[in-house]
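The block underneath contains the structure these notes are about, expressed in C-alpha cells.
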Amino acid sequence: MAKILYTKTDEAPSLATQSFLPIVKAFTSTANISIETRDISLAGRIIASFPEFLKEEQRISNDLADLGEIAKTPEANIIKLPNISASVPQLSEAIEELQKLGYNIPNYPSSPKTDEEKEIRLRFDKIKGSAVNPVLREGNSDRRAPKAIKNYAKKNPHKMGVWSKDSKTHVATMSSGDFRSNEKSLTVNEEKEVAIVLENSNGNKTTLKPSIELQKGEIIDATVLSKNALKTFLKNEVKDAKENDVLLSFHLKATMMKVSDPIIFGHALETYFSEVFEKYADTFKKLGVNANNGLESLFDKLENLSSTEKTEITEAIKETIHHGPDLAMVNSDKGITNLHVPSDIIIDASMPAMIRNSGQMWDKNGASKDTKAVIPDSSYAGIYQVTIDFCKEHGAFDPTTMGTVPNVGLMAQKAEEYGSHDKTFEIKEAGTVAVIDTKTGEKLIEHKVEEGDIWRMCQVKDAPIQDWVKLAVTRAKASKTPAVFWLDETRAHDTELIKKVNVYLPNHDTSGLELHILSPTEATLFTLKRIKEGKDTISVSGNVLRDYLTDLFPILEVGTSAKMLSIVPLMNGGGLFETGAGGSAPKHVEQFLEEGHLRWDSLGEFLALGVSLDHYGEKNDNKKAQVLAEALDEATEKFLDNDKSPSRKVNELDTRGSHFYLAMYWAEALANQTNDQYLKEKFSKVDTIFKEKENEILKELIDAQGKPVDIGGYYLPNDVKAASAMRPSSSFNEILKTIAE
Ligand SMILES: NC(=O)C1=CN([C@@H]2O[C@H](COP(=O)(O)OP(=O)(O)OC[C@H]3O[C@@H](n4cnc5c(N)ncnc54)[C@H](OP(=O)(O)O)[C@@H]3O)[C@@H](O)[C@H]2O)C=CC1
Ligand SMILES: O=C(O)CCC(=O)C(=O)O
Ligand SMILES: [Mg+2]
C-alpha cells in the first residue's frame, strides 16, 4: 500500500514530531493513508552502522539506506525533517552518550592505524557531516516562501538591524591560490572510468581513488587550495582585524564540505593561536590535539594534563585572545568563540544572521560590533560583499515591502561541491594530482600540488542539469517571475554549465519569459535592486549557492528559512518534501530542557505535509487526501493570520500549543468544506469538541511549562519520556484518539 514516510531526526525537530505526528496520524487515518516513520537521526545512524558490536535487541535497520533506494522510485513520498550533520565533536558526543546508555559502539578513531580501526573510521566517515541529504536528494531543489508566509511577514515584520554607511564590516577572501582560482573543468563526451593519482617528484605514484564512473555528458572539475596561500591569507587577515579593530569571524560549511572545511578551519585556529601551537607542539602531539576539531576539543584534551601544565596552556590561550583581535562569539554568555566548534559557524546561516544584525556579530561582552567575515575561498564570497555594500548604501531591507527570491537549485545526484567529499584529499607530499582515463591513460585534468594542499574533484551529471533547466522554466512560467541563472563565465565549471544551459533552454517554450545568465556578484546586485523595489526574482543556481541563497533571502525576508516551502521533485517521479531550510536548532532543546518551553516553529512541516498529501492524492487517486491537503493549507493560513506560532518566552504558547491550533483550524476547515461528506461529518464533531475544550487544553499545555524536563538523552532521547513531555494535554490526546476510531 502507498504510504507517506516521515523521518525521525534529532534535537528540536524530533521533539516537535513527538507532538505533531500523532495529529498527522489521526487526521490522515480518515483517508486511509498509512504514515510510517524512518529513523535517520544521528544516534540511529550510528546504531545501525555497528550491528555486530551490539546486543540483538539493540540492533536497528539502516533506514537511511532504505530511504535512499525508495527516493529513486516513483512511489516515494517522504517528509524530511532537518537532521544533525555532525562535526567530529558532535559525533564523539553522540558516541559517548550511546556508550553510557549501554551501547557498545566503538570510539571514533581519530588517527586509525590497524585495519580494524581504518574500517571503523570508514563507517563513521559515512555518518559524519552532511550524510543524509545527499542520499535522499535524488532531485533538484525548489524552495520558496508561499504567499501566506510572505504576507504574514509583511504584516508582522521581524526585527532588522539598522545599517550605517560607515560600517567597517566586510568580507575577506583569497585572491589567488584558492579553489576558485585553480579550477579546471570539462564535459566528458562519452562514458568512461577515471582514477585520481598523485605522482610525487620522484615519479612514485599513489592512487587516491581508483575508479570513478563517468556518464556521457557529465561535467567534471577539479581544483586545489594551496596551504601556503591559505596560511599567508589567514595571517594577514588576523593582523588586519586587530589593526582595524573589527571582530574576527570565520564562515565555512564544515558539515557539507566535511573533508575540506574542517581542515581550513584547523588552519584558522592554528593561525590565530600560532604561538601557542608552536610553543606546545610536542605536548599537543602527545595529547593528539587536532586543530580541525576546534578550541573546545583542544580544551578537552588539556584535561589529560597535570593541573600545572593545563593552567599554563590555558593561560597562554587566554593571553593570545587578550592580545589578538576580538573573536566573534557564537555564545558570549558561555564564552564560546567562533573557533570553538567547526559546525557552529555554518556559513549559510551565520552570514545572513550577521547581515540581519546591522552587519555585526557579538563580542565577548555580548555587544554588537563590526566584523571581518573571513570566507577563504572566493568562489561565492562575493555575493555577501555585494549585499553588505548594498546595505551600507541603501540601509537595511524592509520586510514589509521587499520582494521575494525563490530558488531553483541544481542538487540531484550529489551535484557539484556538495558531492565531492569522497574525491577530496589533503595532499601528503608535493607532486602532481591528475584525473586519468583508466583505459587510455590520458590525463584529463592535472594540478601541481604541495604537501598540505587540499585537492578536490566534483561531478554533475547531465540528466540533473536538464531537469534543473526544466524546473527553472516551469517556475518562471508558473509564477510569471524573471529568473536569473547565477553562473560566472570567468569560472571554469560555470563555463561548461553555461554551454549546457544554452543547449537545453531552447527545448522549452520560453516565450514571454525574462531569463538572464549573470555572474553571482552581478546576479546579487540585480536581485537586491529588485527586491528593494518590491519585485520578485527567481535565483537559478548551483548546489552551494542554493544552500547559501535559501538561507540568505528567507532570513532577510521572513526572519528564518524554517518557514519556507522546500520541495524536491524526485527525478523518478516521487516527492521529497523538506521542512524549510532551517536546521535543528540546538539552542531550542537547551531551553526546553531548562524551562519546559519549546520554541521550534513547525511551519515548514505544515507546508511540507500539505504538498505531500496533495502529491499522495494525485498519485494514488485518493480524493480524501487532496481534501485533507486543501484544508491543511487553509488551516495554515488561519494559523498565520491569528499568529499562533510559538513564542520565545516560557509560559506562553509553545510548539505544542501551536500544534493544537493547527489541529483545531484543520478540523474547522474540514468541517467547512463540501467536497467530502464523510470528512465533513467526522470533523464537524471534532471541530465542536476542540472549541469546547480549547481553554482546558491550553491550560494543560501551559501548566506543563516552567520546570526542567527530562527526556532521557540528547542524541537518543527516551521515546516514552519525550512523547510524554511533548504530549502533556490529556484532553487533547483523548480527542485525537477518537478521530482515529
Ligand atoms: N536540512 C537539514 O537537515 C539541515 C540541518 N542543519 C543542522 O542543524 C544544526 C544547527 O544548525 P544551525 O546552523 O545552528 O542552524 P539552525 O537553522 O538550526 O538555527 C539557526 C537559528 O535559526 C532559527 N531557527 C531555525 N529553525 C527554526 C524553527 N523551525 N523555528 C524557530 N526558529 C528557527 C533559530 O533562531 P533562534 O535561536 O533565534 O530562535 C536558530 O537558532 C546543525 O547540526 C546542522 O548541521 C542545518 C541546516 C539544514
Ligand atoms: O545537509 C546539511 O548539512 C544542511 C543542508 C542545508 O543547509 C540546506 O540544504 O540548506
Ligand atoms: Mg542551508
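Atoms considered below: every heavy atom in the structure, side chains included; atoms not considered: hydrogens, waters and symmetry mates.
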Should [X] and [Y] count as an ion pair when the cut-off is N to O under 4.0 Å?
X	Y	result
Lys3	Glu36	yes
Lys480	Asp536	no
Lys737	Glu734	yes
Lys623	Asp676	no

TODO: List the atom of Gln626, the atom of Glu618, and the distance in Å for their closest heavy-atom pair.
DONE: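 Nearest heavy atoms, Gln626 then Glu618: NE2-N, 3.7 Å.
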
TODO: Specify the closest pair of heavy atoms between Tyr616 and Asn32, including all atoms of both residues, with the distance to one decimal.
DONE: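 Taking every non-hydrogen atom into account, OH-O, 4.1 Å.
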
Open item on the list: Which label fits Phe27 and Phe690: parallel for a plane angle under 30°, tilted from 30 to 60°, or perpendicular past 60°?
Closed with: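 Parallel, since the angle between the ring planes stays under 30°.
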
Determine yes or no for a side-chain-to-main-chain donor-acceptor pair under 3.5 angstrom, with [X] supplying the side chain and [Y] the backbone.
X	Y	answer
Gln673	Leu670	yes
Glu11	Val589	no
Asn407	Thr550	no
Glu97	Tyr715	yes

TODO: Would you verify whether the NZ or CZ of Lys644 falls within 45 degrees of the ring axis of Phe639 while also being under 6.0 Å from that six-membered ring's centre?
DONE: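 No.
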
TODO: Check Arg648, Lys649, Arg599 against Gln591 for a side-chain contact (heavy atoms from CB on, under 4.5 Å) and give me the one that passes.
DONE: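 Considering Arg648, Lys649, Arg599, a side-chain contact (heavy atoms from CB on, under 4.5 Å) with Gln591 is found only for Arg599.
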
Task: With Ser729, the side-chain contact (heavy atoms from CB on, under 4.5 Å) member among Leu698, Ile702, Ile697 - done: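 Output: one option passes, namely Ile697.
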
Task: Tyr418: partners by ring pair (Phe, Tyr, Trp, His ring centres under 6.0 Å), with sequence neighbours left out - done: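 Testing Tyr418 for ring pair (Phe, Tyr, Trp, His ring centres under 6.0 Å), a comparison that skips the adjacent residues, returns none.
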
TODO: Please identify each residue that fulfils side chain to side chain contact (heavy atoms under 4.5 Å, CB included) with Ala31, with sequence neighbours left out.
DONE: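 Side chain to side chain contact (heavy atoms under 4.5 Å, CB included) check on Ala31 returns Ile33, Asn622, Lys624, Leu628.
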
TODO: Go through the steps for Arg45 and Asp63 under the test salt bridge (Lys or Arg N to Asp or Glu O under 4.0 Å), then give the verdict.
DONE: CA-CA 8 Å; Arg45 287 181 283 130; Asp63 284 5; over 6 Å; no

Task: Pairwise salt bridge (Lys or Arg N to Asp or Glu O under 4.0 Å) hits with a residue in residues 546-572, at least two apart - done: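 Only Lys150-Glu557, Lys253-Asp547 qualify under salt bridge (Lys or Arg N to Asp or Glu O under 4.0 Å).
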
Open item on the list: Other residues, nucleotides and ligands only: do more than 12 of their heavy atoms fall within 6.0 Å of NZ on Lys470?
Closed with: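 No, NZ of Lys470 has 12 or fewer neighbouring heavy atoms, counting only those of other groups under 6.0 Å.
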
